[in-house]
Structure formats: structure tokens, C-alpha cells
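Input: a single structure, listed below in C-alpha cells.
Every chain is numbered from 1 and lettered A, B, ... according to where its sequence line falls, protein lines coming before strand lines.
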Amino acid sequence: MLEVKNLRVHFKTAAPDRFAVDGTSFTVGDGEIVGLVGESGSGKSVTAMAISGLLPRRQSEYSGEIWLDGVEILNGDRNLMRQMQGDTIGVIFQEPMSAFDPIMPIGRQVEESLLVHHPEMSPAARRSAALTAMAEAELDEPETVYEKYPHELSGGMLQRAMIAAAIIHSPKLLLADEPTTALDVTIQGQILDLLKKINKTKGTSILFISHNMRVIRHLSERVLVMYRGKIVEQGSVEDVFLHPQEAYTKKLIDSIPARDRHLTGLKEILKGAGKE
Amino acid sequence: MKKLFAKHNNWFFKVGLILTVCMVGIVIIGQFWTPYDPNAMDAAAKAQGPSLKHLLGTDYFGRDIFSRILEGAGATLLIAFFVVLLGAGMGTLIGALTGYFGGVVDEILMRICDALTAFPSVLLALIALAILGPGRLNVIGVLALVFIPSFARIVRAEFSRIKKLNYVSLAKLQGVGHLRIMLRHILPNTLPVLLPAISIGFNNAVLAEASMSFLGVGVSASEVSLGRMLSDSQNYILRGMPWYAIFVGLTIALLILGFSLLGEGLQQED
């Protein structure tokens, strides 16, 4: 489904030897949920940007290949990327509050990708597709929400609307970049369950990016651990969590807050990063 | 409209709107009906003060000043309208393209705008009109050109701010093209900044036209405008007819007061 081969990204403003993503390779299979975990600045979001086509082309240098559904998209032109965006690939990101145009009704924004990719659809057909997607994203009363403006909805509702916008065209890959970070724990759980359900019923592959090991464990079957632009460890969730091979992974797991454990791991990570 | 009122429920906005609507309304009526023919001379009633027959009096040729002010204000507003339309239109186009795409074109166009702004705009317009000669179309063209940079700058700043916001990224991620993003997602969101600028633009355009015509480089001698009338009326002040200049000046003052209050009101929320 998705194959990233030796991806390297360097921002022109950074030091010449500093790569935001430094030779990353991984795959996401059909219908698979893969978690990508790492601390802030580890390169996980830049990887997501590269896959979704949001990499600022003029300010960055990149190499490698990204194959999505049999098409190489990293080095292709923008039109190719635009065909994939909002069609083969759907994206959900954090901060749902700022993800919608403040002066356009939510429903119109949910259905916007149809306007681009299926211009032949009638407004009524688009509307009903949007209502279906919103219902699938478990938004109550989609008809009412359709007419609302972003400031009239809560963060959780907006996150569901964003999911609706991402699944309206039944993408093959769903890229979720920290979609639960800005939400409270109850809503977090609901959103995770929703993503899992979408994966089950529609067979959508999901690449789930988070710095939160516990969230990843809750959701995915396979996990990639990223540190300083490289994938340092990957394997099934059980293996990585129960038998971490890398010292970094161990510390990352130790840093999950738990009732009976103190946060020693995180300090060591920070110390280690400072030394290098 | 209701929303606009709810959002800008302040005195600047209310007074500005009432004043503008009244003034513009009277002027528009004046285009179809005036108490007297603005150019009809009446030797029996020349150089009279305000009276019931001639509300604002008559000039030395016996022409009704109220009728002439209506016609002159109409010409001035028409010029201001086209100046703002062209200036804001071109400015928005330039600002949108440079703000959204950035790069070399942005650098070049913005440096040209800098160069235009570096001159005092009145002086620049004065020189250009002195070279081109008077006339309505010349006034419109030159003033519009002088007005472009201020609009371009405002719109550019808004575009380059909004294009980095999440909802623009999300639209891009759905495959939405540049044109639709610019027109549907960014441009409407610049209105809170653009509307006051347009209102102030009217204010400046009326003032600029009046200044140019007053100085004799604006509309040609056969055309009327408030600036032209102000220039004519100053001869009457010392001949015991100050009301002519006062009424023309008052008209200009009320017009620009309305526009600038409206602009101020639009900038302040609730």
C-alpha cells in the first residue's frame, strides 16, 4: 500500500549535516494500522508531510522514494500529488479548532474534496455524501452540523468533522498526525475507537503518528520507533512493548506515566539527546 | 447585513453608515433631479445668499449652488468610485498573487510598490497629472495607480498570514487547487481588513480628487467637481459671498467624515 524508501529530508535553513528525516524506510500494508512514534523533533511529522505532499518544496531538499498504491509520489509533479490528495490519501491532523475555514459551513468543507475530484457530482449528491460521511464519523445530527460554522462546534465534533472530510472519498490510506493530542482523554478514546472501526469496516490502512506510546498501543498492530530522523526499531506492538531492543525505545516506554512508576526515563532521554 | 451590524455595534459604524448613506443617497438623487438646472443662469437672482427659493444661494451668474453641489458631488463620487474600484481591484490582485506565491515576483512587485510609496502620493499624482493634462479619465487613472500599493500591501500581508493557517493546509490536502483556495478560503477571510481599507480609500479618493481639481490639474475646466467648485468659490469669499465656499467645503467634509467613520467602525468589533 505505502512504501517509503530511504527518505531523506533536509531543510535549507538548518545546518548542512542536519537531516529532519535521515534515511527512513518502512511500509504500511493493505488494511494495516501502523503506529509511528517518537519525541518532538524526531522527524515523524516531516515524514507525514512528505507522504501527504505538504513538504515545502522550495525550502527543503529531499531524496528517496514514496510509493503509494503503485505510484511514486515524492518526485512526481504537483498535479499527480493533487490527484492523490483527497482521493487515495486522507489526512487528519491535530488542532481541529484551526483546521476549518471560519466563514464556511462545516458541511461544505467536508465535501470539498468531491468538488475537486468529482466535479460531475450534483450539489445534492455531494451533500448526501457529506451527511453519510459525517454519520460514519459518528457526528450526531449531521443535518444540523452541516450548516454550522466552526466556532459553533466543540473540538471533538470538529475532529469528527475532519475525519468525515478525510473518509468521504474512501481513501486507501489515512494519515493521522497526532489527531488526539488536542482533545481530552474521553474524546481521545472515542476518536481512537472510531479510527479502529473505520479500519475494520472499510479496510483503510492507517499510519498513525503520535508521541504517545499508550495511544499507539491501543490502536495499532505494528509500531515504528523514530528517533533523530531514523527508524530505530520496528516490530509488532507486543514485541516492541514487551521486549524493546533499543535503549531509546526502553526509555520511551518507561516514560509512559503510570501510577507506580516515576518519570526517570524521560530525563535520561533528554540527557542523551543533549550529549550527542 | 444583520451580521455586519451585530459585529460592529459601535457609534463610529452607525454614525458613519447613516452619514454615508444620506450623503450618497442625496447625491444619487441629484443625478436625476435637481431643483434647478445646474448650468441655468438667472441674471435676476445672482450672488444671493441662502433663501427658501435657492437653498444654498446662487453664484455670480445666478446659478443655483445647491444644484451645482449635487452635480459636482456626483462627479467627485463617480471618480472616487472608479479610483477605489481600480485601485482596490488591482491592489488585491497583486497582493493576493505575491502574498500567496511569494518568491521572485513578490520581491519585484513589492519593491515597485515601495518605490511608489516612497513618493508623497499627492505629489506623485500632481506631477503625473501635470504631464498628462487635466480630465476625468486621467484623474481616475493616476489616482488609481497611486492607490494600488496601499491595497496590495494590506492584501499581501493577509494572504501570507492566512496561507499558513491549518485550514488552508487541510484544503490543500483534499486536493483543492490554488485558485479555489485563494478565492474561496483566503479572500473572504481578508474582508475584515479589506472593507475598512476600501472605506478609507473612498475618503482618500474624494480628498485627492478635490485637491487635484482645486489645484487645477484635476477635472478639466468644462467639467464640474467639488474640487473645481472649491477653487472657483474662493474668489467669492472676499466679495462678500463666503457661503459658496463654506457649503462646498462642508459637503466635502461630510462626505469624507462619513467614509472615515465607517472605516473606523468597520475596524472596531462590537
Crowding at CE, Met90(B) (>12 non-hydrogen neighbours, <6.0 Å):
no
Go through Val168(B), Leu165(B), Ile186(B), Asn189(B) and name the one with the most non-hydrogen pairs under 4.5 angstrom from chain A.
Asn189(B)
Using a heavy-atom cutoff of under 4.5 Å, enumerate the residues of residues 113-121 of chain A that contact chain B, numbered in order, or state 'none'.
Ser113(A), Leu115(A), Val116(A), His117(A)
Quick note, ring pair (Phe, Tyr, Trp, His ring centres under 6.0 Å) partners involving residues 156-192 of chain B, not counting sequence neighbours, are Tyr100(B)-His178(B), Phe101(B)-His178(B)
What I want to find out is whether Glu112(A) reaches Arg180(B) closely enough, with some N-O distance under 4.0 Å, to be called a salt bridge.
yes
Taking CG in Leu132(B) as the centre, count heavy atoms belonging to other residues, nucleotides or ligands within less than 6.0 Å. Is the count above 12?
yes
For the CE atom of Met49(A) and the CG atom of Leu173(B), what is their distance to the nearest 0.5 Å?
10.0 Å
Taking atom NZ of Lys172(A) as the centre, does the number of heavy atoms from other residues, nucleotides or ligands within less than 6.0 Å exceed 12?
no
If contact means a heavy atom pair closer than 4.5 Å, which residues of residues 87-105 of chain A contact chain B?
Val91(A), Phe93(A), Gln94(A), Glu95(A), Ser98(A), Ala99(A), Phe100(A), Asp101(A), Pro102(A), Ile103(A), Met104(A)
Interatomic distance, Arg184(B) atom CZ to Gln109(A) atom CD [nearest 0.5 angstrom]:
10.0 Å
Considering heavy atoms only, which positions within residues 154-169 of chain A lie below 4.5 Å of chain B?
Met162(A), Ala165(A)
For Phe12(B), does the CZ atom sit with more than 12 other heavy atoms under 6.0 Å from it, leaving out its own atoms?
no
